[in-house]
Amino acid sequence: MAAERVAVTAAPRARGPEKGGARSAVPRAAGAGPPRPDPLHTALQTAPAPGAAEVRALIRAQLRTALGTCAMVAAVLAGLPLLALVPAVARARVHGVPLCWLVLVGGVQPFWIAIAFRQLRRAERAERAMGRG
């Protein structure tokens with residue numbers, strides 16, 4: 001016996017104002033006018049495409065920001081072990097816990113978060129500047 005295959009597709013959802021804020025499953029009538037455009041896609045279609053020079057400038061600006069961020073992270077990674085070499089810091093204790101351990105446990109994570117936010121903010125600023133230019 002041969003098995004019969006059936007393809008099932010979903011009907012498109014109707015777009016338009018309905019009572020109560022719910023969308024109707026009934027499609028719009030053919031003469032009801034054009035569907036409302038999606039505002040996100042309309043904004044993307046109306047924005048002019050950036051030129052090659054603008055894209056290169058954006059990449060350079062973001063690379064410069066990324067290299068600065070990497071330099072800060074490298075400085076912290078290289079500097080943390082050096083803290084243990086300073087005799088006063090190596091002997092310092094807070095409630096019986098070595099200060100170096102407390103710095104590693106509680107001081108590094110806020111720094112990483114701040115650096116990540118800085119990187120994100122600068123990259124978005126560079127992208128917005130490209131859109132205005």
Side-chain angles (χ1 to χ4, degrees):
M1 216 188 307
E4 184 177 323
R5 292 186 180 193
V6 178
V8 178
T9 60
R13 298 181 91 178
R15 289 187 184 182
E18 284 84 19
K19 292 183 182 176
R23 292 186 176 192
S24 171
V26 178
R28 299 178 114 203
R36 291 184 302 173
D38 184 14
L40 176 63
H41 291 106
T42 304
L44 291 175
Q45 290 171 354
T46 58
E54 291 173 325
V55 171
R56 280 194 301 272
L58 174 65
I59 290 172
R60 275 195 308 270
Q62 289 184 342
L63 179 63
R64 201 170 28 253
T65 301
L67 290 175
T69 301
C70 286
M72 282 192 268
V73 168
V76 169
L77 286 177
L80 284 175
L82 297 177
L83 272 176
L85 297 178
V86 177
V89 176
R91 285 191 307 266
R93 293 186 177 273
V94 177
H95 299 289
V97 179
L99 180 63
C100 291
W101 289 12
L102 290 176
V103 169
L104 287 172
V105 170
V108 174
Q109 297 305 320
F111 176 75
W112 297 145
I113 292 169
I115 288 295
F117 276 121
R118 176 188 173 273
Q119 172 69 24
L120 177 65
R121 191 177 65 244
R122 286 179 174 238
E124 288 177 344
R125 187 182 310 150
E127 288 176 6
R128 280 193 304 269
M130 185 184 80
R132 284 190 299 248

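Positions are given from 1 along the sequence.
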For this session: Could you pull out the closest heavy-atom pair between Val89 and Cys100, with the gap in Å?
Result: CG1-SG, 3.9 Å
Exercise. Can you list the other members of the hydrophobic cluster that holds Leu82, where links are side-chain heavy atoms under 4.5 angstrom apart?
Worked result: Leu85
Exercise. Any donor and acceptor pair, going by atom type alone, linking the side chain of Glu54 with main-chain N or O of Gly51 inside 3.5 Å?
Worked result: yes
For this session: Quick one: pull up CG in Leu99 and CG in Leu83 and give me the separation to the nearest 0.5 Å.
Result: 7.5 Å
For this session: Answer yes or no: are there more than 12 heavy-atom neighbours, outside Trp101 itself, under 6.0 Å from its atom CH2?
Result: no
Exercise. Any idea which heavy atoms bring Ala78 and Pro81 closest together, and the distance?
Worked result: O-CD, 3.5 Å
Seminar exercise, completed: Correct closest heavy-atom pair for Ala84 and Ala90 would be O-CB, 3.4 Å
Exercise. Same hydrophobic cluster for Val97 and Val86, using side-chain heavy-atom links shorter than 4.5 Å among ILVMFWY?
Worked result: yes
Problem set entry | Euclidean distance, His95 NE2 relative to Leu102 CG, rounded to 0.5 Å | 9.0 Å
Exercise. Is it the case that one hydrophobic cluster holds both Leu77 and Ile115, taking links as side-chain heavy atoms less than 4.5 Å apart, direct or via other members?
Worked result: yes
Under 3.5 Å, sequence neighbours excluded: what are the donor-acceptor pairs made by side chains of residues 66-76?
unit_1: Thr69; atom_1: OG1; unit_2: Thr65; atom_2: O; d: 3.0
unit_1: Thr69; atom_1: OG1; unit_2: Arg118; atom_2: NH1; d: 3.2
unit_1: Thr69; atom_1: OG1; unit_2: Gln119; atom_2: OE1; d: 2.6

For this session: Starting at CZ of Arg128, measure out to CG of Leu58 and round the result to the nearest 0.5 Å.
Result: 12.0 Å
For this session: Taking all non-hydrogen atoms of both residues into account, name the closest pair between Gln62 and Ala123 and its distance.
Result: NE2-O, 3.3 Å
